[in-house]
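Order of the sequence lines fixes the chain letters, A, B, ..., with proteins taken first and strands second; residue numbering starts at 1 for each chain.
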Amino acid sequence: MGMSTFPPDISTTGYLVDRLFWLATGLTGVAFAAVVGALGYFLVRYRARPGRRAFYTHGNSPRALLLTGGLALVVFLLIDVNLAYHDHVAWAVVWGAPPSAREALRVEIMPEQFAWNIRYAGPDGQFRTKDDVTTINQLHIPANRPVMVQLSSKDVIHSFFLPNLRIKMDAVPGMVTSLYFQAKRSGTYDIACAEHCGFGHYRMRGFLVVEESGEAFNAWLAEQINEGAPDLSWGWQWAVSAPRASGTHPRRFASSREMRSISGTEPRKSLGDFSGQREASGVPGLGREARHE
Amino acid sequence: MSKTLSGRSFWRRCVFSTNHKVIAVQYLITGILFLAMGGVMALLIRWQLAYPWQPIPLIGKLLFPGSGGAVTPEAYPMLFTMHGGIMVFFAITPILLGAMGNYTIPLEVGARDMAFPRLNMLSYWLLFLGSALILLSFVVPGGAAGFGWTIYTPLSSSTEVSPGWGQDLFILGLALDAVSILMGGLNYITTIMQLRAPGLTLRRLPLTLWGLFYSAVLNTLWLPIVAAALFMVLCDRRLGTAFFVAGPLAPHAGGQVLLYQHLFWGFGHPEVYILIFPVWGLVGDLLSVFSRKPAFGYKATVVSMLAITILSGIVWGHHMFTSGMNPLVGKAFMLLTITISVPTAIFFLNWLGTLWRGAIRLTVPMLFALGVVFVFAIGGLTGLFNALQTFDVYIHDTYFVVGHFHYTLAASVLFGAYAFIYYWFPKIFGRQMSPLLGRLHFGLSFLFLNAVFSGMFVVGLHGHMRRIADATTYEFLKPMQAWNVWIGWAALGLGLAQLLFFYNFVRSLLQGRAASANPWQAGSLAWTVSSPPPEHNFEARPRVFCGPHEYGVPELTDGDWLVQTDPRATTLAKN
């Protein structure tokens with residue numbers, strides 16, 4: 001039962017998260033020690049003894065108010081504002097600077113009870129085409145290359161959690177959410193579901209396989225393409241422009257008809273619409289246009 | 001005892017009574033029974049996590065006969081769902097709001113009863129009906145609800161993924177309880193505002209009543225929202241609407257999944273303060289009584305509570321940092337959340353100020369009040385970690401969060417409930433509880449409770465997700481299994497320590513030493529009448545001359561305190 005804290009960090013940004021924790025622990029630790037120290041001291045020093053009467057004060061004097069208010073403000077500035085500032089700085093790196101669509105590996109993940117459906121665009125760079133690669137529970141990525149993931153859900157809310165990269169994002173039905181990350185150490189790691197999604201929640205485990213190099217990853221991908229027959233029942237087109245670097249990430253709402261369409265619960269006919277010529281020309285599968293088809 | 005009381009039938013006197021003291025005891029008994037039930041569920045949860053899929057010793061075969069005494073994957077979500085729902089709505093709320101509110105408010109404001117006695121009775125019986133539905137849900141086919149006490153949609157709102165009437169009964173039971181608490185809240189506000197004795201200005205109210213007042217204000221503001229959301233979930237389940245269903249599960253156009261989370265946490269975050277305010281108020285009063293010193297910074301404390309009341313309504317988004325909500329909105333929620341530190345810090349400083357230069361008596365209720373200060377310091381400070389967006393993304397939905405909200409909502413609130421029971425027991429039942437057993441109960445509870453919940457921080461920091469039935473499924477959680485075993489045994493210790501309380505409670509009820517009218521030498525109005533009080537509390541309307549915290553008054557020679565009805569206060573008291 002070692003005093004282990006975090007699981008090993010294999011990401012380029014996880015240290016920022018860990019550092020926030022230690023900073024918060026240090027600052028709040030001082031506040032906690034001060035409260036408990038004063039509490040313990042007062043309990044001993046001012047314990048009831050025969051013949052001693054308490055000091056009669058209501059603590060409502062301007063001096064007392066200034067003291068408590070002032071101390072509270074100092075605590076606020078030294079601990080809260082300090083932490084919020086560091087969080088702001090960390091956020092800008094972890095969530096606010098998405099990689100460009102060209103350099104990043106793009107992956108779509110659409111979980112269902114209780115598995116992770118994973119999709120790569122294949123050589124044509126378009127999702128939901130015949131050269132796609134789809135896997136279940138196996139997310140292969142190259143080390144040292146940014147990865148951009150878009151998430152939605154086939155049924156209930158799931159949460160895509162990479163403990164070794166210190167990030168998670170909910171997969172919400174009817175929405176597309178996203179996150180990005182970069183691994184710097186090869187190996188096999190856990191993908192966990194962090195949102196209760198039913199009785200099988202505890203065993204909704206996936207595997208993140210970080211390949212040592214881009215070549216190794218490409219070789220794996222090529223192998224998968226040769227195996228052929230990707231699952232075309234779900235998937236969506238990405239917005240042409242890459243996510244803005246303003247701290248927001250792409251987040252669009254889709255009607256259930258659109259979502260049904262991208263998740264494959266509608267008849268084949270509409271599927272044909274999606275895999276046709278227009279898709280290659282960049283019709284966003286989740287845009288308003290889809291509704292008028 | 002009053003003659004009118006004995007003239008009525010048993011049913012009118014003890015069951016269908018409109019008397020606030022009888023209703024308070026009804027709430028108390030209901031709450032304690034559900035507390036025991038929720039506690040046993042917690043132990044079953046911890047057993048499963050410590051020894052996954054192993055048969056439970058002693059009671060396993062009785063509870064899970066189909067699986068040879070082991071928890072099943074289907075049963076585990078029911079356990080944590082019902083543990084959360086029962087503890088929040090049917091254990092802590094009835095004890096702290098129902099029992100403490102009903103018992104103390106009329107007595108402390110110098111009234112004969114609540115403003116609306118019949119509404120009061122209706123509140124309790126709605127809770128009773130709600131709890132009956134909750135109990136019923138365990139035995140219907142398909143079993144109890146299993147979507148988590150937060151009832152997240154579409155897991156909860158789709159009968160495709162959560163079939164069975166047990167789920168509906170849980171939602172309906174909660175909704176009924178929400179209506180009951182809402183009615184109680186209206187009653188509390190009206191009574192505190194309208195029925196105060198002459199001279200009892202707002203500045204002279206005990207802090208417990210301020211806590212109950214703000215709590216009632218939050219209840220009347222936010223409970224209707226969650227009650228409406230719950231009915232909408234029921235409509236989604238049974239009437240084919242799609243308020244909160246989207247994506248492939250949605251029957252027609254689909255609704256908005258996140259809307260439910262906004263509605264739920266719009267209530268859910270104030271709920272934290274709904275439960276903790278009465279405790280904070282009680283702690284303020286108890287620290288004053290047992291330090292024999294006026295509550296330090298009374299006005300600042302009351303204003304801080306008001307500030308938190310307002311802030312609590314605009315911070316709910318910090319529960320949704322990973323929901324896909326716009327992160328810029330998240331930043332605003334983070335900043336608003338950390339602002340709560342300021343009034344909370346004032347609270348702590350005033351508690352310490354009350355102890356400073358006091359004459360501290362470590363009675364059992366005082367120990368529990370001091371315990372609240374300690375555990376809430378941990379709970380409050382770890383709240384800051386959760387408020388930090390970037391860090392929260394990592395620990396969201398892990399045991400770190402579970403540890404945090406158990407320090408605030410379980411540890412603090414439980415200690416608060418015990419402080420209430422140990423302090424008010426002599427007044428309610430006219431008998432003393434055993435101080436020795438009480439001290440033992442406190443010491444063991446304090447020890448085991450910290451062992452349990454600090455262990456949760458450790459596993460949570462390692463990424464241990466909440467609501468998973470078996471951590472050994474995951475490679476990265478393997479090192480945490482030893483901690484799960486540790487937490488399991490500590491939880492058992494905590495559970496067993498509560499037997500001391502039950503024993504003490506029942507034994508004192510039957511054969512405790514008779515209590516005097518004012519065993520704690522307290523100053524507020526309730527302690528000016530006999531223990532237990534007469535049916536309508538006060539023979540004549542009391543007249544109030546000072547605040548409730550006039551302890552350590554220098555000029556006094558007969559004792560060191562003034563009760564609020566003491567006319568000498570006009571010259572001696574400063575408040």
Quiz item: Taking C-beta and beyond as the side chain, do A:His201 and B:Tyr76 meet within less than 4.5 Å on heavy atoms?
Solution: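 Heavy-atom side-chain distance check fails, nothing below 4.5 Å.
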Practice problem: For each of A:Val75, A:Thr68, A:Asn164, A:Leu151, tally heavy-atom pairs with chain B at distances under 4.5 Å, and name the one with the top tally. | Solution: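 Counting heavy-atom pairs under 4.5 Å, the top option is A:Thr68.
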Region of [X] that comes under 4.5 Å of a non-hydrogen atom in chain B:
X: A:His88; result: both
X: A:Val17; result: both
X: A:Leu162; result: neither
X: A:Ile191; result: backbone

Please output the side-chain donor-acceptor pairs of residues 22-47 of chain A that fall under 3.5 Å, not counting sequence neighbours, one pair per line with the distance.
unit_1: A:Thr25; atom_1: OG1; unit_2: A:Phe21; atom_2: O; d: 2.7
unit_1: A:Thr28; atom_1: OG1; unit_2: A:Ala24; atom_2: O; d: 2.6
unit_1: A:Arg47; atom_1: NH1; unit_2: A:Val44; atom_2: O; d: 2.6

Practice problem: State whether the side chain of A:Lys168 and the backbone N or O of B:Tyr394 hold a donor-acceptor pair below 3.5 Å, judged by distance alone. | Solution: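 Such a contact is found between A:Lys168 side chain and B:Tyr394 backbone.
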Quiz item: Does B:Gly146 offer a backbone N or O that forms a donor-acceptor pair with the side chain of A:His196 under 3.5 Å?
Solution: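 Here the side-chain-to-backbone pair exists.
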Please list, one pair per line, the donor and acceptor atoms closer than 3.5 Å that link side chains of residues 341-348 of chain B to other protein atoms, with sequence neighbours excluded.
unit_1: B:Ser341; atom_1: OG; unit_2: A:Asp80; atom_2: OD1; d: 3.4
unit_1: B:Ser341; atom_1: OG; unit_2: A:Asp80; atom_2: OD2; d: 2.4
unit_1: B:Ser341; atom_1: OG; unit_2: B:Ile338; atom_2: O; d: 2.9
unit_1: B:Thr344; atom_1: OG1; unit_2: B:Ile340; atom_2: O; d: 2.7

Quiz item: Between the side chains of A:Asp170 and B:Thr322, does any donor sit under 3.5 Å from an acceptor?
Solution: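 Yes, a side-chain donor-acceptor pair sits under 3.5 Å.
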Quiz prompt | Nearest-0.5 Å distance, CG of residue A:Asp155 to CG of residue B:Leu155 | solution =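 These two atoms lie 9.0 Å from each other.
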